[in-house]
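Just below is one structure, and these are the notes that go with it.
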Protein chains: 2
Amino acid sequence: MADDDLVFKALADPTRRMLLDALFERDGQTQSELEGVVTARVEMTRFGVAKHLRLLEEAGLVVIRKEGRSKHHFLNAVPIRAIHDRWIGKYTAARAAALLDLKRALEEEP
Amino acid sequence: MADDDLVFKALADPTRRMLLDALFERDGQTQSELEGVVTARVEMTRFGVAKHLRLLEEAGLVVIRKEGRSKHHFLNAVPIRAIHDRWIGKYTAARAAALLDLKRALEEEP
DNA sequence: TTGACAGGTGACCAAAAGGTCACTTAATGT
DNA sequence: ACATTAAGTGACCTTTTGGTCACCTGTCAA
């Protein structure tokens with residue numbers, strides 16, 4: 001399976017996005033901790049959460065470090081940045097900046 | 001259905017990403033033109049392509065303008081930028097960009 | 001060393017998504 | 001007026017995905 005396909009498919013599920021949000025807020029959480037985060041919000045067994053975490057890891061969106069009998073998860077932002085760069089080009093960026101400058105100039109008028 | 005859910009689900013399919021790529025390269029193409037782009041690469045009927053375009057539109061990733069009997073499609077980058085901002089903070093942004101540049105540079109080596 | 005804790009496996013089921021088809025609508029050119 | 005072109009609809013089938021369960025493995029502490 002293509003690399004970017006794994007990333008996009010991983011992002012397609014709300015539970016997995018919830019997990020990324022949790023890691024963005026506090027990086028390095030264990031699987032048990034993340035299970036707690038999810039089950040506090042939606043009904044799901046630990047198996048479901050574990051499955052989601054594995055998909056995120058396979059996609060490269062989180063990287064794991066095993067420590068004793070626990071498993072710590074870390075958010076990896078690089079694939080997200082790649083998505084941004086894919087469809088937002090130099091031209092688009094320049095135009096967005098120009099529009100923003102115009103907006104600021106108009107707001108400063110008396 | 002939540003707004004961001006539509007966006008992520010829309011991005012989860014390779015055909016739809018192909019369509020976004022096509023519009024990124026040349027904006028404002030009609031449905032027939034985009035059908036040509038897709039069927040030149042994968043086997044799919046016009047119905048399949050039309051369905052994909054409708055999902056992209058419902059997600060707000062493309063905006064359409066009807067003109068006579070044709071329908072022109074335009075790429076909207078705003079939801080993409082929102083994805084970026086969700087998981088990449090100010091500190092992380094610089095590092096993620098640098099890592100991506102490095103990765104690309106390495107991949108271009110002979 | 002025994003029990004509790006953190007996590008893994010493979011089979012299985014239900015729901016959602018991708019795709020096609022017969023048929024329809026509406027605008028255009030000759 | 002009529003054939004042609006661009007696109008829409010709803011039913012239908014197949015594959016993928018999300019989720020659970022019974023059971024297994026390794027780690028730590030009393």
Side-chain angles (χ1 to χ4, degrees), chain A residues 1-23 26 28-59 61-74, chain B residues 1-23 26 28-59 61-74:
Chain A
M1 203 185 226
D3 214 52
D4 67 324
D5 204 47
L6 287 176
V7 172
F8 286 109
K9 286 227 161 57
L11 290 174
D13 183 88
T15 304
R16 290 194 287 268
R17 293 196 297 274
M18 187 191 301
L19 288 165
L20 292 182
D21 288 339
L23 289 178
R26 184 163 70 83
Q29 296 188 63
T30 70
Q31 183 163 307
S32 310
E33 288 175 315
L34 292 168
E35 277 164 27
V37 171
V38 170
T39 55
R41 286 167 181 74
V42 300
E43 280 203 6
M44 190 178 299
T45 64
R46 74 183 180 89
F47 304 99
V49 179
K51 218 170 188 176
H52 284 303
L53 284 173
R54 192 165 51 75
L55 289 195
L56 286 172
E57 195 213 331
E58 286 173 359
L61 282 163
V62 314
V63 35
I64 67 171
R65 178 166 46 104
K66 286 184 181 171
E67 199 161 331
R69 58 182 162 184
S70 11
K71 201 172 159 185
H72 294 265
H73 299 71
F74 299 87
Chain B
M1 201 185 227
D3 214 52
D4 68 323
D5 205 47
L6 287 176
V7 172
F8 286 107
K9 285 227 163 52
L11 289 174
D13 184 88
T15 304
R16 290 194 287 268
R17 293 196 298 274
M18 188 191 300
L19 286 166
L20 292 181
D21 288 339
L23 289 177
R26 185 163 69 83
Q29 296 186 64
T30 70
Q31 183 163 308
S32 311
E33 287 174 316
L34 293 168
E35 277 164 26
V37 170
V38 171
T39 55
R41 287 168 179 74
V42 300
E43 281 204 5
M44 190 178 300
T45 64
R46 72 182 182 90
F47 303 100
V49 180
K51 218 170 187 175
H52 285 302
L53 284 173
R54 190 165 51 74
L55 289 193
L56 286 172
E57 193 213 333
E58 286 173 359
L61 282 164
V62 314
V63 35
I64 69 174
R65 178 167 45 103
K66 285 184 182 171
E67 199 161 330
R69 61 183 161 184
S70 6
K71 200 173 162 186
H72 295 263
H73 300 71
F74 300 88

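Chain A is the first sequence line, chain B the second, and so forth, proteins listed ahead of strands; every chain is numbered from 1. Every value quoted in this text rests on a predicted model; they were computed, and no experiment measured them.
Put simply, CG on B:Asp5 is 12 Å from P on C:dA16, counting in whole angstrom units. The distance between atom CD of A:Glu58 and atom C1' of C:dG8, rounded to the nearest whole Å, is 13 Å. Atom CD of B:Glu43 and atom P of C:dG18 are 19 Å apart (whole Å). What separates NZ of B:Lys51 from P of C:dT20 is a distance of 10 Å, to the nearest Å. A:Leu56 has its CG atom 14 Å from the P atom of D:dT17, to the nearest Å. Spacing between atom CZ of A:Phe8 and atom C1' of D:dT16 amounts to 19 Å, rounded to whole angstrom units. The CG atom of B:Asp13 sits 10 Å away from the P atom of D:dT17 (whole-angstrom rounding).
B:His52 has a side-chain polar atom (N or O) that falls below the 4.0 Å cut-off from OP1 or OP2 of C:dG19. Phosphate contact (OP1/OP2 of C:dT20, side-chain N/O of B:Thr45, threshold under 4.0 Å): present.
Residues passing the side-chain contact (heavy atoms from CB on, under 4.5 Å) test with A:Ala59 are A:Leu6, A:Val7, A:Ala10, A:Leu61, sequence neighbours excluded. In this structure, the side-chain contact (heavy atoms from CB on, under 4.5 Å) partners of B:Phe47, at least two apart in sequence or on a different chain, are B:Thr45. Evaluation of the salt bridge (Lys or Arg N to Asp or Glu O under 4.0 Å) rule for A:Asp21 yields B:Arg86 as partners, not counting sequence neighbours.
Residues A:Asp4 and B:Arg17 have side chains in contact (heavy-atom distance under 4.5 Å, counting atoms from C-beta outward). The closest side-chain heavy-atom distance from A:Gln31 to A:Val49 is not below 4.5 Å.
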Can you check nucleotides 6-10 of chain D for protein contacts, nitrogen or oxygen pairs under 3.5 Å, and list what you find?
unit_1, atom_1, unit_2, atom_2, d
D:dA6, O3', B:Arg69, O, 3.3
D:dA7, OP1, B:Gln31, N, 3.3
D:dA7, OP1, B:Lys71, N, 2.9
D:dA7, OP2, B:Ser32, N, 2.7
D:dA7, OP2, B:Ser32, OG, 2.2
D:dA7, N7, B:Arg46, NH1, 3.0
D:dA7, N6, B:Arg46, NH2, 3.1
D:dG8, OP1, B:Lys71, NZ, 2.6
D:dG8, OP2, B:Gln31, OE1, 3.1
D:dG8, OP2, B:Gln31, NE2, 3.4
D:dG8, O6, B:Arg46, NH2, 2.7

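Mapped onto DNA chain D by nearest heavy atom, A:Gly48 and A:Glu67 fall at different nucleotides, with A:Gly48 at the one closer to the 5' end.
Judged as a salt bridge (Lys or Arg N to Asp or Glu O under 4.0 Å), the pairs with a partner in residues 50-59 of chain B (not counting sequence neighbours) are, in order, B:Arg54-B:Glu58. A salt bridge (Lys or Arg N to Asp or Glu O under 4.0 Å) check over residues 31-49 of chain B, counting only residues at least two apart or in different chains, returns the pairs B:Arg26-B:Glu33.
Across all strands shown, B:Gly68 has heavy atoms under 4.0 Å from sugar-phosphate atoms exclusively, and none from any base.
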